[in-house]
Asker: 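Shown below is the structure under consideration.
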Amino acid sequence: MQKNKTLLNGFFAAALFFIWKMFVLFIGKQHDWLASFPGGPLLLLTGIFIFLSIVRSSTPEASFTDDFKSGARTALSAAILAGLFVYVYYAFFDPEFMPIRIQQNIENARNSGVSEDDLLKAEEDMQKFFAPFTYSTLTVSATAFFGMAFSLIVSGLKRAFKVL
């Protein structure tokens with residue numbers, strides 16, 4: 001039963017992140033807020049739910065490994081679902097976000113004096129980077145890495161200080 005709770009915590013983190021992205025889209029601030037640090041809310045929500053998984057879903061006599069696994073399950077389920085949500089968001093709900101970001105970057109480079117040949121190469125590279133699949137892949141890997149590291153830290157702190 002505890003494993004299901006930790007997986008569900010990851011689902012809640014990813015779902016709340018998707019709701020946040022949809023809210024930002026709804027109020028029209030996606031080009032202001034999402035361009036700066038798009039993963040910030042996801043990492044915050046994942047961290048909160050990892051903490052809850054380790055502190056509330058594990059027993060007091062659980063080992064360091066058990067606590068780490070609780071947090072890791074939450075992190076990985078959040079990462080996979082958030083990656084899926086990011087793909088759906090950029091492919092279907094806000095498909096013009098990526099081309100606008102590419103154009104903004106090209107204009108910034110042009111204004112700073114970059115040659116036309118370099119601009120063409122940069123635009124080609126950005127077409128590959130600013131794609132829903134690439135963004136969702138980066139979301140999965142970054143969230144999983146952050147979640148594993150945070151799970152390791154919280155599990156260690158729980159053992160070191162025995163206050164959680």
Asker: Before you tell me yes or no, could you show the steps for Val55 and Lys158 under side-chain contact (heavy atoms from CB on, under 4.5 Å), namely the whole-Å CA-CA distance, both residues' side-chain angles and the distance that decides it to 0.1 Å?
Answerer: CA-CA 8 Å; Val55 173; Lys158 184 178 176 186; 5.6 Å; no
Asker: Determine, step by step, whether Val86 and Phe18 satisfy the side-chain contact (heavy atoms from CB on, under 4.5 Å) criterion, reporting the C-alpha distance in whole Å, the side-chain angles of both residues, the deciding distance to 0.1 Å, and the verdict.
Answerer: CA-CA 8 Å; Val86 164; Phe18 184 69; over 6 Å; no
Asker: Let me confirm one number: the CZ-OG distance from Phe51 to Ser70, rounded to the nearest 0.5 Å.
Answerer: 13.0 Å
Asker: Report the residues that fulfil side chain to side chain donor-acceptor pair (under 3.5 Å) with Ser115, sequence neighbours left out, ordered by chain and then residue number.
Answerer: Asp118
Asker: Where do Asp67 and Arg159 land on the salt bridge (Lys or Arg N to Asp or Glu O under 4.0 Å) test, with the steps shown first?
Answerer: CA-CA 10 Å; Asp67 287 341; Arg159 292 283 159 270; 2.8 Å; yes
Asker: Can you tell me how far OG1 of Thr74 sits from NZ of Lys5, rounded to the nearest 0.5 angstrom?
Answerer: 12.0 Å
Asker: Any heavy-atom pair between the side chains of Phe85 and Phe17 that's under 4.5 Å?
Answerer: no
Asker: Ring centroids only, cut at 6.0 angstrom: are Phe97 and Tyr90 within range, meaning strictly under it?
Answerer: yes
Asker: Please tell me if the side chains of Met126 and Arg101 come closer than 4.5 Å, counting only heavy atoms from C-beta onward.
Answerer: no
Asker: Salt bridge (charged side-chain N to carboxylate O under 4.0 Å, His left out): which pairs involve residues 119-145, sequence neighbours left out?
Answerer: Lys121-Asp125
Asker: Using the rule side-chain hydrogen bond (donor to acceptor under 3.5 Å, both in side chains), only one of Thr6, Asn4, Asn9 pairs with Arg73; which is it?
Answerer: Thr6
Asker: Give the C-alpha distance, both sets of side-chain angles, the deciding distance and a yes or no for side-chain contact (heavy atoms from CB on, under 4.5 Å) between Tyr89 and Met22.
Answerer: CA-CA 8 Å; Tyr89 176 82; Met22 293 304 292; 3.8 Å; yes
Asker: Hydrophobic clusters join Ile, Leu, Val, Met, Phe, Trp and Tyr when side-chain heavy atoms are under 4.5 Å apart, directly or via other members; which others share one with Met148?
Answerer: Phe64, Phe68, Leu76, Leu152
Asker: Is Leu43 reachable from Ile80 through a run of I, L, V, M, F, W or Y residues, each pair having side-chain heavy atoms under 4.5 Å apart?
Answerer: no
Asker: Of the non-hydrogen atoms in Leu7 and Ser77, which two are nearest, and what is the gap between them?
Answerer: O-OG, 3.2 Å
